[in-house]
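Only one structure is covered here, and it is reproduced in the block below.
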Number of protein chains: 2
Amino acid sequence: MSRATVSRVVNGVRNVAPDIQRSVRDAIARIGYTPNQAARSLVTRRTGTVALVLSATGRSFTARVFSDPFFGRVVDGVLPVLRRRAIQPVLLVAESEQARTQLVEYLRQGGADGALVVPLDENDPLPAMLMAAGLPTVLFGRPRDGEQCGFVDLDNAAGARLAAEHLWATGRRRPALIAAPVTAPTAGERLDGFMEALAAHGVTAVPVVRGRFTVDSGRRAMARLLKDHPRIDAVFAANDLMAQGACQYLREQGVAVPGTVAVVGFDDSVAARKARPQLTTVRQPVERMAAAMAGLLVEQLDGARSEPGAKVFEPVLVVREST
Amino acid sequence: MSRATVSRVVNGVRNVAPDIQRSVRDAIARIGYTPNQAARSLVTRRTGTVALVLSATGRSFTARVFSDPFFGRVVDGVLPVLRRRAIQPVLLVAESEQARTQLVEYLRQGGADGALVVPLDENDPLPAMLMAAGLPTVLFGRPRDGEQCGFVDLDNAAGARLAAEHLWATGRRRPALIAAPVTAPTAGERLDGFMEALAAHGVTAVPVVRGRFTVDSGRRAMARLLKDHPRIDAVFAANDLMAQGACQYLREQGVAVPGTVAVVGFDDSVAARKARPQLTTVRQPVERMAAAMAGLLVEQLDGARSEPGAKVFEPVLVVREST
DNA sequence: AGGTTTCGGGAGAGCGCTCTCCCACATTTC
DNA sequence: GAAATGTGGGAGAGCGCTCTCCCGAAACCT
């Protein structure tokens with residue numbers, strides 16, 4: 001029997017007589033034969049692998065990634081899409097300049113067929129590097145000007161406006177903002193959206209403190225706000241973790257939530273339901289976005305589309321107990 | 001110029017005249033040449049890649065992994081060791097039976113040269129599957145009987161004893177335990193160690209509630225303990241997250257920590273310092289253990305040792321404010 | 001019956017590297 | 001001066017697959 005026949009059986013292409021198929025499979029099982037992926041890749045120019053890259057330019061990278069449920073949601077969204085197509089998902093972390101270079105080299109050399117990139121910081125050079133390397137790439141979040149890669153994104157400004165309008169509608173007139181770190185890709189949009197919506201109501205001065213997307217930074221931010229602006233009656237935090245921290249602090253200080261101060265979060269992560277009181281928050285459908293991101297890449301790899309696609313999701317306000 | 005010469009330059013083997021080296025490198029840079037990893041692997045039977053596998057048999061896998069700083073610490077420990085040797089670290093998640101099978105197949109086919117496995121649950125079949133596939137494997141945590149793979153581990157029983165002795169020495173006579181989930185690899189050791197040490201002092205009945213390694217489960221466990229055993233004067237939690245949750249609950253109930261109830265955690269993670277009050281805890285040097293784990297695998301891959309090695313670390317008690 | 005299509009399977013090239021030979025030439029040694 | 005030694009570089013096999021071509025046999029048409 002020729003190698004070609006075996007290859008046909010293993011890859012399920014063209015017709016092979018059923019009995020021959022069976023005998024081939026038997027032999028494979030008996031010998032414990034495993035096809036060599038390297039040899040296969042060499043000729044197919046495919047690896048059957050897609051990389052999910054978490055990239056950051058700042059420090060304390062892993063501490064951020066492995067304590068924010070956000071990334072787990074991304075993984076949750078991506079996995080089933082890839083598994084369904086028998087594509088092996090591979091998580092890559094790019095925590096430093098050196099790591100980024102090594103990673104691009106690795107992918108260029110055929111480490112994966114494409115990359116799903118989740119940049120933690122704005123101005124991350126990785127997407128541009130991957131595009132330059134000619135690797136099919138889809139981003140979580142809008143690419144910088146000129147970068148022609150696929151992406152999924154949330155209309156962050158709209159989300160922030162939802163929060164602002166809700167606070168205004170419920171009678172809050174002195175809102176404050178716990179903003180995302182300046183370096184976060186979403187920082188600008190969420191801040192601007194919130195401010196604009198309030199400005200439309202004549203509120204021009206809004207106290208702003210930057211947080212770092214962690215519970216602890218939310219506490220500290222809340223402490224600062226309360227000290228500098230004791231009369232605020234609402235807080236919008238750029239993610240749920242910070243909102244949770246804010247709630248904790250307010251509670252400890254005996255400030256009633258939502259009685260005295262209303263709190264709105266962002267993401268609708270598990271933290272929103274765990275916070276006391278449960279958080280009103282802007283829902284970001286991270287899992288669906290991540291699944292769409294994987295879908296766009298797969299389409300591109302299948303050649304279904306030559307141009308990388310894009311998809312923008314609309315946020316929804318989820319009202320719970322904190323407003 | 002022959003392919004052989006280029007190969008020699010790229011891989012830096014044998015002598016090549018400096019000027020030829022330079023011209024080769026120039027050409028590489030000019031053409032934008034990238035060696036094909038598949039072709040290289042085909043002949044060298046190496047990929048230059050090591051897999052770090054997070055495996056669990058239970059559910060809500062990603063939620064656990066991406067909200068417990070423990071895994072970030074493992075990654076932190078592993079990365080530098082591999083980067084130093086120019087080995088590409090690849091994170092793989094095995095969240096289901098199907099995923100595990102696919103993953104083993106992937107690695108068998110040459111997805112990586114070896115695997116570092118962090119099992120989240122006891123009785124995880126993955127290590128045995130990898131050994132059967134003939135893949136060099138090192139475990140975080142002791143392998144089950146009969147599995148001949150390398151591992152690093154902490155003397156968990158000793159850690160629990162440290163906690164018990166400390167509580168006893170500081171005058172606590174009615175301690176309780178917030179234990180790890182039954183399925184956790186460390187659950188038995190930490191429970192037994194704690195119980196034995198107390199038994200040696202004549203304390204035979206210790207209230208035990210199982211937690212799930214999360215802050216929230218720690219709160220709930222503490223609530224149960226306090227309700228069923230209002231007179232307890234100390235709590236040992238099997239990790240810092242649960243200890244933090246316990247502290248939060250106690251605080252909210254107006255129970256003084258450490259005044260009325262002392263709390264000891266386990267791990268010495270960032271959560272220990274973030275908790276109010278700061279946690280007395282059993283330090284597990286996760287980063288060093290993870291680095292050692294990577295080191296053991298690298299040694300095995302280098303052929304420095306044929307038998308897989310093992311290393312057991314000793315815990316240390318860190319006294320802070322909660323006792 | 002002869003010709004044409006369909007179908008199953010073999011032969012063999014070639015994917016892009018590495019690595020072992022081997023050879024040409026320079027340098028040293030007796 | 002010839003032989004021994006060293007040094008740099010080319011030739012070519014071969015890693016384990018896939019895939020195109022081709023061929024023989026069976027099935028279908030006219």
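The model shown is predicted, which means the values in this text are computed figures rather than measured ones. Lettering of chains follows the sequences in order, A, B, ..., and the numbering in each one begins at 1. As a basis for the values below, the full set of heavy atoms in this structure was taken, side chains included, without hydrogen atoms, waters or symmetry mates.
Neither side chain, Thr186(A) nor Asn156(A), offers a donor N or O lying under 3.5 Å from an acceptor on the other. For the residue pair Asp124(B)/Ser55(B), the side-chain donor-acceptor check at 3.5 Å is satisfied.
Residue Asn36(A) contributes atom CG, which lies 15 Å from atom C1' of dT18(C) at whole-angstrom precision. Arg108(A) has its CZ atom 12 Å from the P atom of dC17(C), to the nearest Å. Between the CD atom of Gln37(B) and the C1' atom of dG16(C) there is a distance of 12 Å, rounded to whole Å.
In terms of modelled atom types and a separation under 3.5 Å, the side chain of Arg100(B) and the main chain of Ala56(B) share a donor-acceptor contact.
A heavy-atom distance below 4.5 Å is not found between the side chains of Leu54(B) and Pro119(B). By the 4.5 Å heavy-atom criterion applied to side chains, Glu105(B) and Thr34(A) are counted as neighbours. At least one side-chain heavy atom of Val104(B) sits under 4.5 Å from a side-chain heavy atom of Leu126(B).
Heavy-atom distances under 4.0 Å link DNA chain C to Leu42(A), Val43(A), Arg45(A) of residues 41-51 of chain A, given in residue order.
Fit an axis to the five pairs at each end of the helix from dA1(C)-dT30(D) to dC30(C)-dG1(D) and the two axes sit 40° apart, to the nearest 10 degrees.
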Quick one: do Phe71(A) and Phe66(B) satisfy ring-ring contact (aromatic ring centres under 6.0 Å, His included)? Show the steps, please. CA-CA 7 Å; Phe71(A) 301 98; Phe66(B) 289 95; 7.1 Å; no
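Classification of the Phe70(A)-Phe140(A) ring pair by plane angle, with boundaries at 30° and 60°, yields perpendicular.
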